[in-house]
Amino acid sequence: MSGWSHRHILDLASFSLEDYSSVLELAHRFRSMPVTGARKLPALQGRLVATLFFEPSTRTRSSFELAARRLSADVQSFTPASSSLSKGETLLDTARTYVAMGADVLVVRHSSTSVPEQLACALDRSGERTAVLNGGDGLHSHPSQGLLDLYTLAHHFDPDHPLPEALQDKRIVIVGDVLHSRVARSNLWALTACGADVVLCGPPSLVPQDFVAFVEAPPPGQAHDPVQHRGCVEVVRTLEEALPGADAVMTLRLQKERMHQHLLTDLNRFHRDYGLTHERLKLCGKPVPLLHPGPVNRGVELGGSLLDDHSISLVEEQVRNGIPIRMALLYLMAAVDSSPDPSLAAIG
Ligand code: NCD
């Protein structure tokens, strides 16, 4: 953990294998501890975590807030509808209000790409020490979801050592609306970094062919890729091509609120071609787990009975793992400078 160098967490493209290991290791320690209301960890006592969600959220926001409370941080949540945004205040001024109240971490979600990054730059420029954690921006990035998906898969493949190595040479299939999914983009960086091969499956309107090159170059503004050898990315059009040999399958919601054109006319047809069912999953040739970041549209990207089948569905497990993963991120961002940290001994 001594090598942790990310002041802000905006995108997984800048994560090294050591970074993934640090987060997964710490999350596993948090997850293995019985935590009750009376047994909160003191690691973030006196720290303030503010959640600024300018877009709806059920899982991400609640789990960041729970994670912060389990580490004894104070939590302030911002709700756009009842805020001064409606009186014309800018987003930056809103964020600065929480900084002035002493926020150590701002968890920011916004429907526009790069809002968390712009906030982080503005705070850095003005010499603030507040760190920004991206809770999902536009189509771009959702690092905490990518990391909790990574942990869930690593734990499935190797429950005793849920570390990046558990993903080496696995074939992970992601089905559906990849184009509008920040979750898929974060998963592409995380999974390929850990040596998994990712197969993207969907129609050209939702899975453009150029996704095969997605992880081949670091994003603009980043000098180099911190990962030396990545797994491959493949794009296929049918489940019959994608599923044979899969080790895990992730499906995605059709994110209509992020579609600027009407890309799909017929939901029944999408379900027929790409909807996952018990029958369809037999194409994998062995029992494989199913993941979904939620929210799920039952009967569209998957048959409802699959979601309720806990021998296959890891969806609730993903939600559960979101808490220790977010505890790990908040810990690394806000408690790291108090090292050597007595509270770490408490979780050892
Ligand atoms: C995702 C998101 O917001 O990008 N949900 C989540 O955070 N669990 C996926 C989605 O909206 O479909």
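Numbering of ligands and ligand atoms starts at 1, following listing order.
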Notebook entry, point to check: With a 6.0 Å cut-off on ring centres, are Tyr20 and Trp4 close enough?
Noted result: no

Margin query: Under the ring-ring contact (aromatic ring centres under 6.0 Å, His included) definition, can you give me all pairs with a residue in residues 206-225, not counting sequence neighbours?
Written below: Trp189-Phe214, Phe211-Phe214

Next item on the list: Any chance you could lay out the side-chain contact (heavy atoms from CB on, under 4.5 Å) test for Val107 and Leu52, step after step, and finish with the verdict?
Entry: CA-CA 6 Å; Val107 183; Leu52 276 59; over 6 Å; no

Note to self: Under a 4.0 Å threshold between the charged nitrogen and the carboxylate oxygen, would Lys282 count as salt-bridged to Glu240?
What the structure shows: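 No.
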
Next item on the list: Indicate the ring-plane relationship of Tyr98 and Phe78, choosing parallel, tilted or perpendicular according to the 30° and 60° boundaries.
Entry: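 Perpendicular, since the angle between the ring planes exceeds 60°.
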
Note to self: Would Arg109 pass as a cation-pi partner of Phe53, given that its NZ or CZ must be under 6.0 Å from the six-membered ring centre and within 45 degrees of the axis?
What the structure shows: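 No, cation not above the ring by the 6.0 Å, 45° rule.
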
Checklist line | Near ligand 1, at a heavy-atom separation below 4.0 Å: residues by chain and residue number | finding: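 Residues within 4.0 Å of ligand 1: Thr60, Arg109, His142, Gln145, Arg182, Val183, Arg253, Gln255, Arg258, Pro293, Gly294, Pro295.
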
